[in-house]
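First the structure, in the form of structure tokens, and then the observations on it.
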Amino acid sequence: MNPPSTYQRIYAVVARIPRGCVATYGQVAQLAGLPGQARLVGYALSACGGALPWQRVVNARGRISPRGDGNGEEIQRQLLESEGVRFDEGGRIPLARYRWRPNDEHP
DNA sequence: CGTCTGACGATAT
DNA sequence: TATATCGCCAGAC
């Protein structure tokens, strides 16, 4: 097998974020084995084409990153709310509560 | 092959 | 809390 590309590792991690949870760019990067490369996660998602739950990835402040797309922020927020993720008055997600915990599976 | 751009994060001031 | 700076990779031209 070819060595997985950087982007493919990112996609693999994003794909396993469970519904109703969110992860930060830095967190995804770390889980993908790319610590410190939070930017690549954003770049990768911009190129993912939409075959992934990209809406579950937000920045370290629990805020949706503005992008050149225009209303992408609004779309992402609605997708998350429809999954049960609530935003506070500042339009931020309480990461302490919704942050994805990969090892938190309940056996 | 050089240059520019693009969904971030941490640190310093 | 806000602003500025650096580092990182891939794709388009």
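Chain naming here is simple, since letters A, B, ... match the order of the sequence lines and numbering starts at 1 in each. Note: hydrogens, waters and symmetry copies are ignored here, and every other heavy atom, side chains too, is used.
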Begin with the C-alpha distance, continue with both residues' side-chain angles, and end with the deciding distance and a verdict on side chain to side chain contact (heavy atoms under 4.5 Å, CB included) for A:Leu45 and A:Tyr25. CA-CA 10 Å; A:Leu45 291 181; A:Tyr25 293 96; 4.0 Å; yes

Going through the distances and angles, do A:Arg56 and A:Val14 end up as a side chain to side chain contact (heavy atoms under 4.5 Å, CB included)? CA-CA 8 Å; A:Arg56 293 177 191 152; A:Val14 175; over 6 Å; no

Test side chain to side chain contact (heavy atoms under 4.5 Å, CB included) applied to A:Gln55 and A:Glu83, step by step: CA-CA 10 Å; A:Gln55 67 271 25; A:Glu83 292 184 351; 3.3 Å; yes

As a quick check of understanding, evaluate side chain to side chain contact (heavy atoms under 4.5 Å, CB included) for A:Trp100 and A:Val13, giving each step before the final call. CA-CA 11 Å; A:Trp100 173 40; A:Val13 172; 4.1 Å; yes

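A straight line from CD of A:Gln27 to C1' of B:dG9 spans 13 Å, rounded to a whole angstrom. The interatomic distance linking A:Tyr43 (OH) with C:dC8 (C1') rounds to 8 Å, in whole Å. Going from atom CG of A:Leu95 over to atom P of B:dC8 covers 15 Å, rounded to whole Å. Rounded to whole Å, atom P of B:dG6 lies 18 Å from atom CD1 of A:Ile10. Whole-Å rounding puts the A:Leu34 CG to C:dG7 P distance at 19 Å. For the pair A:Trp54 CH2 and B:dC8 C1', the computed distance is 16 Å after rounding to whole Å. Between A:Arg61 atom CZ and B:dG9 atom P the separation is 8 Å, expressed in whole Å. Spacing between atom CG of A:Leu45 and atom P of C:dG11 amounts to 14 Å, rounded to whole angstrom units.
As the counterpart of B:dA7, no nucleotide is assigned, since no Watson-Crick or G-U wobble pattern has both distances under 3.5 Å.
Scanning all heavy atoms of the two residues, the minimum distance from A:Thr24 to A:Asn59 falls at CG2-O, 3.9 Å.
Listed pair A:Thr24 / B:dC8 fails the phosphate criterion, with no side-chain N or O lying under 4.0 Å from OP1 or OP2.
For A:Arg39 and A:Ser5, each mapped to the nucleotide of DNA chain C holding its nearest heavy atom, the one lying further toward the 5' end belongs to A:Arg39. Between A:Gln37 and A:Ala47, the residue whose closest nucleotide on DNA chain C is further toward the 5' end is A:Gln37.
Between C:dA10, B:dA7, B:dG9, one nucleotide has an atom nearer to the side chain of A:Thr6 than all others, and that is C:dA10.
Glycosidic conformation, B:dA7: syn, with the torsion inside 90° of 0.
The aromatic ring of A:Tyr25 does not sit over the base of B:dA7; the criterion of centres under 5.5 Å apart with planes under 30° is not met.
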